[in-house]
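Here the structure is laid out as structure tokens; the discussion comes afterwards.
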Amino acid sequence: MYIEIISVSKKRETDTLPDRQEELRETLSKYGFTLNDIKKTVLRPTAVNSTLNKIAKSENKPDVVIITNALRTKDSKSFKKYFVETVVAAEHDVNEPAPKDYWKKRNKAIKQAKIQKRPPEEIEELEKSFLLTRKKSKVFTLGDFGNGYTGYCFMYKGVKVAAVPKESLTGHGVSEITALAATRATEVFENSANDYPDGFSEVKYEPEKTGFANRYIPLRSDSKKEVIRKCVVIAAFMVFLAALGLLFYNMIYLSLRNAQINGEIQRIAHGIDENGDPSKKGKGIDWDALKKINEEIVGWLKVDETQIDYPVLWHKEDDMNSQYYLNHNYKNEYDSYGSVFLDYRCKNGTDCKNVVLHAHHMNDGSMFGNLMNYGGTSGNLDFYKKVPTIDFHTPKANGTYKIISVFKTNTLSSHGEFFNYMIGDFQNEKDFMNYVYNVRVRSLINCPVTVNEDDELITLSTCSYEFTNFRTVVVARRVRIGESAKVDVKKATLNSNAVWPQVYYSSNGGTRPKVTDFSTEYLAKNIKWYDGKFRFKDQKVQVTDGHGTTAPPTTKAPTTAGGTAGSTGNTGGSTAAGSTAKPSTKAVVYCTVEFINYDGSTISKQKVEYGKAAKKPKDPVKPSDTYYDYIFTGWQLDFSKVTANMTIAPNFEPQLKSEYLN
């Protein structure tokens with residue numbers, strides 16, 4: 001009987017067995033075995049299979065192949081890890097694949113028999129006639145080779161294969177292990193020849209169902225388990241189709257519809273017919289045609305190198321809780337893309353000192369999505385140099401605006417103090433210049449554009465995602481009469497010290513620059529962009545509810561009565577702007593400070609005098625859960641000097657309960 005040895009080893013193991021070939025040949029000859037050869041390979045399923053295939057195809061095919069040093073555990077884990085693929089390959093070699101049309105013929109025959117109303121016994125016999133069998137490999141154990149380590153054998157392409165434990169684990173030499181494995185493997189296959197001819201048994205076999213219906217449609221012939229599986233697959237497929245349809249609807253259909261709707265009004269506004277012929281080119285916006293479509297169209301906004309070329313709408317009934325054109329187009333149809341619309345605080349519409357416009361940030365770049373081209377966490381200087389101006393036209397006049405600021409700001413109190421940039425009209429010139437100062441110190445780009453108290457602004461605002469619920473804001477001032485619309489963009493630079501909300505510094509490190517007011521910085525000669533006469537030096541500004549842009553108030557009453565009343569933008573009083581009030585008592589300004597708990601409930605709500613500290617409430621408590629206790633570590637915002645309305649949330653540190661520490 002001829003034997004061949006495959007000596008296997010892991011990558012870092014030294015295999016010296018081939019050097020002991022003569023010793024093994026002599027030992028095996030004593031037991032009546034002839035050693036053909038010793039082959040080396042790594043202990044890996046693909047490598048073992050490749051070596052066995054070469055042996056099985058050779059002219060001098062041995063009777064038994066012994067794979068030495070193969071098994072490393074006393075149980076069957078090593079064998080399963082390294083030889084399951086080999087056993088499966090052996091089964092695949094001796095089995096013919098099922099006919100491709102098996103299920104088609106079977107189902108057709110049974111269906112025909114049922115149509116013909118054959119007796120149940122005949123139908124049962126018909127089903128049995130379609131039963132298939134296949135050979136399944138039998139893996140035999142070869143018993144203990146020493147110290148409880150077992151070997152295994154199986155048939156592979158006509159060759160008996162034995163896998164034996166590593167020599168050092170058994171306490172016996174490789175010669176004895178090899179001879180014992182060859183003897184036991186021969187005996188096992190001889191003794192089991194009747195039950196397992198050639199090392200295989202025959203089992204009933206049902207081929208995998210092919211075709212869409214057999215795989216996915218529940219059939220009467222299916223088992224209950226198979227019906228459930230198919231129903232789950234169908235449900236999952238339907239969910240996938242629904243998600244795909246929703247994705248198509250939101251990402252493609254709505255985008256195309258929005259482009260079509262805005263394309264229509266762009267052609268009307270610019271006097272372009274359906275064939276693209278600019279019949280009225282050079283004549284400006286066709287306001288008469290636009291007003292016939294919607295009386296609430298009050299302007300036209302265009303930014304070069306972007307998709308921004310839209311009508312601007314103003315719904316006078318808007319308020320803090322409802323902005324009509326947030327989700328309606330100019331046709332008054334519900335539209336998730338919405339429109340470009342005036343902020344409800346702009347009570348004077350496009351005649352406001354600062355025209356504040358909103359629109360959605362759409363993923364396809366439409367509406368105000370392309371405002372992100374001006375910068376993310378840093379300014380995009382290249383894009384700004386391409387497009388430093390904005391065109392905003394109204395029925396009264398055409399206007400070009402030079403960008404003076406691109407900044408990011410927060411809407412959540414947990415991210416820091418809120419800067420109110422949504423102000424349409426101002427109390428006086430000083431209030432206005434404080435606003436300009438605030439937007440410029442926050443700008444990601446140092447824009448080479450001068451500003452003074454006589455200028456008019458436009459502010460574009462949209463959602464952005466540098467942090468949760470952030471906003472990207474672009475502010476521009478109108479080109480003055482007789483001034484060139486060109487901007488010397490060569491002088492533009494990135495602002496390395498732009499003021500961000502506090503969350504930026506908490507996440508990225510660094511210290512937030514100090515923000516004061518225009519007059520303070522101008523007198524300190526820190527402002528180079530101002531070209532006015534500074535005639536408002538002695539003006540007073542009333543710090544009102546929600547107005548976060550002004551300078552700190554004085555103890556005297558304000559000198560204007562026609563400015564905005566807080567963030568609502570309402571103009572108040574009949575006194576002319578700029579008239580001097582003469583109060584007999586000092587005016588005291590208060591800010592509202594609200595302390596909230598972990599669940600948003602109010603702990604304390606205080607009226608705090610401007611510039612003074614809020615009173616710290618009792619430390620809040622957050623209930624423990626299954627695994628953690630929560631320790632209060634302080635408040636998220638500093639309230640030692642209150643200069644604006646604040647909502648302050650607590651910080652809690654989770655601590656793992658003692659019973660879970662080990």
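These numbers come from the heavy atoms of this one structure, side chains and all, not from hydrogens, waters or symmetry mates.
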Check your understanding: Going by atom types alone, do K402 and T389 pair a side-chain donor with an acceptor below 3.5 Å?
Key -> no

Review point. Just checking, is any N or O donor in the side chain of N294 or Y325 under 3.5 Å from an acceptor N or O on the other one?
Key: yes

Review point. For the residue pair W635 and F595, is the inter-centroid distance of their aromatic rings smaller than 6.0 Å?
Key: yes

Practice item. Could you tell me which non-hydrogen atom of L381 sits nearest to which non-hydrogen atom of L494, and how far apart they are? Key: CB-CD2, 4.0 Å

Point to revise | Derivation and outcome, side-chain contact (heavy atoms from CB on, under 4.5 Å), residues T643 and Y610 | key: CA-CA 5 Å; T643 58; Y610 187 97; 3.6 Å; yes

Check your understanding: CZ of F536 to CD of E453: how many Å apart, nearest 0.5 Å?
Key -> 5.0 Å

Practice item. Might you point out which heavy atoms bring P311 and I297 nearest each other, and give the distance in Å? Key: CB-CG2, 4.0 Å

Exercise for review: Decide whether D335 and N327 meet the rule of one side-chain donor and one side-chain acceptor closer than 3.5 Å.
Suggested key: no

Practice item. Would you tell me whether S366 and Y337 have side-chain atoms, one donor and one acceptor, within less than 3.5 Å of each other? Key: no

**Study point:** Cationic tip of R512 above Y504 ring, under 6.0 Å, 45° of axis
**Key:** no

Review point. Can you check whether F426 and F432 have ring centres sitting under 6.0 Å from each other?
Key: yes

Practice item. Using a 4.5 Å cut-off on heavy atoms from C-beta on, say whether the side chain of D629 contacts that of S624. Key: yes

Review point. Do N258 and N262 get their side chains close enough for a donor-acceptor pair, meaning under 3.5 Å?
Key: yes

Exercise for review: Please round to the nearest 0.5 Å and tell me the distance separating atom OG1 of T647 and atom CD of Q636.
Suggested key: 11.0 Å

Review point. Under a 4.0 Å N-O cut-off, is there an ion pair linking E466 with K408?
Key: yes

Exercise for review: Ignoring hydrogens and angles, state whether a donor on the side chain of T516 or E521 is under 3.5 Å from an acceptor on the partner side chain.
Suggested key: yes

**Study point:** NZ (K291) with more than 12 external heavy atoms under 6.0 Å
**Key:** yes

Review point. So, for M646 and D638, which heavy atoms are closest and what is the spacing to 0.1 Å?
Key: CE-O, 3.3 Å

Study note, to complete from the structure: To the nearest 0.5 Å, atom CZ of F407 lies from atom CH2 of W500 at 11.5 Å

Check your understanding: Judged by modelled atom types alone, do W300 and N398 share a side-chain donor-acceptor pair under 3.5 Å?
Key -> no

**Study point:** Rounded distance [0.5 Å steps], NZ in K540 versus CG in D431
**Key:** 14.0 Å

**Study point:** Under-4.0 Å salt bridge between D318 and K316
**Key:** no

Review point. ring-ring contact (aromatic ring centres under 6.0 Å, His included) between Y310 and Y330: does it pass, once the steps are laid out?
Key: CA-CA 10 Å; Y310 302 121; Y330 64 86; 9.9 Å; no

Check your understanding: Any donor-acceptor pair under 3.5 Å linking the side chain of T633 with the backbone of N651?
Key -> yes

**Study point:** Pair H270-D309, side-chain donor/acceptor within less than 3.5 Å
**Key:** yes

Review point. Shortest non-hydrogen contact from P650 to F632?
Key: CB-CE1, 3.6 Å

Point to revise | Carboxylate-amine/guanidinium contact E429 R535, below 4.0 Å | key: yes

**Study point:** salt bridge (Lys or Arg N to Asp or Glu O under 4.0 Å) between D538 and K430, worked out
**Key:** CA-CA 9 Å; D538 296 326; K430 190 171 190 176; over 6 Å; no

Review point. Has the side chain of N329 got a donor or acceptor atom that lies under 3.5 Å from a matching backbone atom of G338?
Key: no

Practice item. Taking all non-hydrogen atoms of both residues into account, name the closest pair between Y324 and H315 and its distance. Key: CB-CD2, 3.5 Å

Review point. Just checking, is any N or O donor in the side chain of N495 or S443 under 3.5 Å from an acceptor N or O on the other one?
Key: no

**Study point:** Atom pair CD (E333) and OG (S339), whose distance is rounded to the nearest 0.5 Å
**Key:** 10.0 Å

Revision key, fill the gap. Looking only at heavy atoms, the pair that brings A492 and Y384 closest together is CB-CE2, 3.6 Å

Practice item. Ignoring hydrogens and angles, state whether a donor on the side chain of T592 or K605 is under 3.5 Å from an acceptor on the partner side chain. Key: no

Practice item. State yes or no: are the ring centers of H361 and Y465 separated by less than 6.0 Å? Key: yes

Check your understanding: Does CG belonging to D531 count more than 12 external heavy atoms closer than 6.0 Å?
Key -> yes

Review point. Measuring from T602:OG1 to D599:CG, what's the distance to the nearest 0.5 Å?
Key: 9.5 Å

Review point. Between K385 and D382, is there a salt bridge with N-O shorter than 4.0 Å?
Key: no

Check your understanding: For N354, which of D455, D343, T459 qualifies under side chain to side chain donor-acceptor pair (under 3.5 Å)?
Key -> T459

Exercise for review: Give the ring-plane orientation class for H328 versus Y334, where under 30° counts as parallel, over 60° as perpendicular and anything between as tilted.
Suggested key: perpendicular

Review point. If only atom types and distance count, is the side chain of S405 paired as donor or acceptor with the main-chain N or O of V439 below 3.5 Å?
Key: yes

**Study point:** Pair Y598 and Y630, ring centroids less than 6.0 Å apart
**Key:** no

Practice item. State yes or no: are the ring centers of F467 and F470 separated by less than 6.0 Å? Key: yes

Exercise for review: Output yes when a side-chain donor or acceptor of R477 lies under 3.5 Å from a complementary backbone atom of V449, and no otherwise.
Suggested key: no

Review point. Does Y522 have its ring centroid less than 6.0 Å away from the ring centroid of F534?
Key: yes

Review point. Under 3.5 Å, is there a donor-acceptor pair linking the side chains of T306 and N370?
Key: no

Review point. Do Q606 and S604 get their side chains close enough for a donor-acceptor pair, meaning under 3.5 Å?
Key: yes

Point to revise | More than 12 heavy atoms of other groups within 6.0 Å of K331 NZ | key: yes

